[in-house]
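The structure displayed is predicted, hence computed values, not measured ones. All ligand and atom numbering here is 1-based and tracks the order in the structure.
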Amino acid sequence: MASYDDNNIFAKILRGEIPCNKCDEDDLTLSFYDIAPQAPVHVLVIPKGRYVDYANFVAHASVEEIAGFSAAIHRVAEKTGISETGYRIISNIGNDGHQDVPHLHMHVLGGGAMGPMLAKRP
Ligand code: AMP
């Protein structure tokens with residue numbers, strides 16, 4: 001697995017070098033609306049620590065960071081009004097997961113029926 005790249009776009013958002021449309025923040029996490037939403041509600045939840053992906057996070061983050069990340073996902077669902085109707089959470093990992101930004105992020109998607117989990121393979 002690649003080492004953490006401090007120039008990735010989410011690291012720049014965390015440092016305040018580029019703006020985001022914030023949904024939620026606490027000491028351990030930042031959540032902001034995806035710039036190219038794929039659902040009526042599409043928020044990205046990220047830890048403030050330097051973690052490339054979910055596997056790296058689970059292997060190296062503290063119990064507090066892991067609990068805080070889970071709590072932030074729940075808070076975002078509550079704040080955006082999708083917790084009653086249901087929603088989907090996705091975290092892409094590595095090449096086969098089609099992860100574009102190498103800082104752990106959970107996609108929180110909702111606001112309508114999400115359809116099949118994956119596109120059918122040709
Ligand atoms: P992934 O393919 O799982 O790495 O997802 C990366 C996500 O980050 C995509 O859904 C992008 O639309 C989103 N994204 C990229 N740049 C920004 C940005 N500056 N602000 C908000 N979302 C972004």
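At a threshold of 4.0 Å, the pair Lys48-Glu25 counts as salt-bridged, since one of the basic side-chain nitrogens sits closer than that to a carboxylate oxygen.
Between Leu104 and Val52, the closest side-chain pair of non-hydrogen atoms is not below 4.5 Å. You'll find the side chain of Gln99 reaches within 4.5 Å of the side chain of His105, heavy atoms only.
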For ligand 1, run through the N/O pairs with the protein that fall under 3.5 Å and put one pair on each line.
unit_1: ligand 1; atom_1: 2 (O); unit_2: His98; atom_2: O; d: 3.3
unit_1: ligand 1; atom_1: 2 (O); unit_2: Asp100; atom_2: N; d: 3.3
unit_1: ligand 1; atom_1: 2 (O); unit_2: Asp100; atom_2: OD2; d: 3.2
unit_1: ligand 1; atom_1: 3 (O); unit_2: Asn92; atom_2: ND2; d: 2.8
unit_1: ligand 1; atom_1: 3 (O); unit_2: His105; atom_2: NE2; d: 2.9
unit_1: ligand 1; atom_1: 3 (O); unit_2: His107; atom_2: NE2; d: 2.9
unit_1: ligand 1; atom_1: 4 (O); unit_2: Asp100; atom_2: N; d: 2.7
unit_1: ligand 1; atom_1: 4 (O); unit_2: Val101; atom_2: N; d: 2.9
unit_1: ligand 1; atom_1: 4 (O); unit_2: His105; atom_2: NE2; d: 2.9
unit_1: ligand 1; atom_1: 5 (O); unit_2: His105; atom_2: NE2; d: 3.2
unit_1: ligand 1; atom_1: 5 (O); unit_2: His107; atom_2: NE2; d: 3.3
unit_1: ligand 1; atom_1: 10 (O); unit_2: Asp34; atom_2: OD1; d: 3.3
unit_1: ligand 1; atom_1: 10 (O); unit_2: Asp34; atom_2: OD2; d: 2.5
unit_1: ligand 1; atom_1: 12 (O); unit_2: Asp34; atom_2: OD1; d: 2.5
unit_1: ligand 1; atom_1: 22 (N); unit_2: Ile35; atom_2: N; d: 3.1

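For Asp24, the salt bridge (charged side-chain N to carboxylate O under 4.0 Å, His left out) criterion is met by Arg75, Lys79, not counting sequence neighbours. Glu78 pairs by the salt bridge (charged side-chain N to carboxylate O under 4.0 Å, His left out) definition with nothing, not counting sequence neighbours.
Residue pairs meeting the side chain to side chain donor-acceptor pair (under 3.5 Å) criterion with at least one member in residues 86-98, sequence neighbours excluded, do not occur.
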